[in-house]
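Whatever order the structure lists ligands and atoms in, that order sets their numbers, starting from 1.
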Amino acid sequence: MKNPIESFDRLQPGMVTILGVPYDENSSFMKGPASAPPRIREVLNSGSINLCSESGIDLGAELRFHDLGDLNLSIGAAAFEQIEKAITDLLERKVIVLSLGGDHAITYPILKAYGKKYDKLSILHLDAHPDLYDEFEGNRYSHACPFARIMEDNLAGRLVQIGIRTMNPHQHTQAERFGVEVIDMQKWRPDTVLDLTGPVYLSLDMDVLDPAFAPGVSHHEPGGLSTRDVLNIIQGINAPIVGADIVEFNPKRDSSGITAIAAAKFLKEIAARMVETGNWKLET
Ligand code: MN
Ligand code: MN
């Protein structure tokens with residue numbers, strides 16, 4: 001396995017980088033997302049799909065695209081510090097990071113690093129769940145809690161959530177307290193316009209998809225978005241995307257392999273949109 005830290009030195013400002021974050025200790029219901037990053041890479045390199053985005057950006061030939069491999073993480077709370085440190089180091093090199101989870105708990109240490117660089121980040125959060133619990137089963141760092149921690153720490157100028165279909169009274173109170181802009185599944189329409197201004201961070205929980213499209217997640221929640229809906233949302237982001245994560249893909253539940261392919265497709269489209277919305281020149 002590549003050691004991501006060693007290959008940091010090859011990075012140039014403006015590059016779009018992939019970083020695997022194989023960590024699922026804060027999953028409340030079942031483990032599995034820690035094995036997602038190598039599974040997504042396996043699909044990307046399988047020959048089943050090409051590396052082009054729908055807009056024609058070929059990630060296989062794109063000099064601004066670089067896969068750093070997976071982080072080697074400790075067990076326990078030290079992993080959060082390692083994640084934050086790795087992202088901080090990458091942001092100091094002025095690169096754009098697309099992280100592959102792991103469960104959704106990893107978004108908190110990632111955004112702690114982003115918060116040191118960006119004070120008005122617009123976060124677009126696609127998920128069946130608001131992930132706003134103050135604590136879940138005694139764990140304040142559960143994958144059910146990251147956006148409570150993120151909002152308490154003022155790491156976002158805005159938090160816009162799409163696809164929510166599990167809001168309970170406690171999380172509704174939390175959403176109001178933090179000023180979260182929730183576009184739940186009852187309200188969302190394919191022509192819903194997002195007035196996002198940059199910089200944007202996209203956090204994509206695979207369970208935003210209807211389980212018919214993506215059974216490989218720990219928490220099946222019917223009534224979600226289609227793969228096409230999510231692609232349209234990604235492709236419609238017109239502000240600079242400075243970071244993103246794809247989380248909660250659980251290969252253990254993905255018997256057909258379709259969820260891995262959907263995650264790989266989202267990786268390509270997000271990376272391409274990062275390239276397209278970025279405004280930089282590669283140093284030669
Ligand atoms: Mn989530
Ligand atoms: Mn979720």
Is the distance between the ring centroids of H219 and H104 under 6.0 Å?
no
Residue and atom names of protein N/O/S atoms that fall under 2.8 Å from the Mn ion (ligand 2):
D127 OD1, H129 ND1, D205 OD2, D207 OD1, D207 OD2
For K116, I'd like to know if atom NZ has over 12 heavy atoms of other residues, nucleotides or ligands within 6.0 Å.
yes
Under the ring pair (Phe, Tyr, Trp, His ring centres under 6.0 Å) test, residues paired with F178 that sit two or more places apart
none
So, D89 and K85, do they make that salt bridge, N to O below 4.0 Å?
yes
Salt bridge or not between E54 and K265? Use side-chain N to carboxylate O under 4.0 Å.
yes
Is R41 paired with D70 through a side-chain N to carboxylate O contact shorter than 4.0 Å?
yes
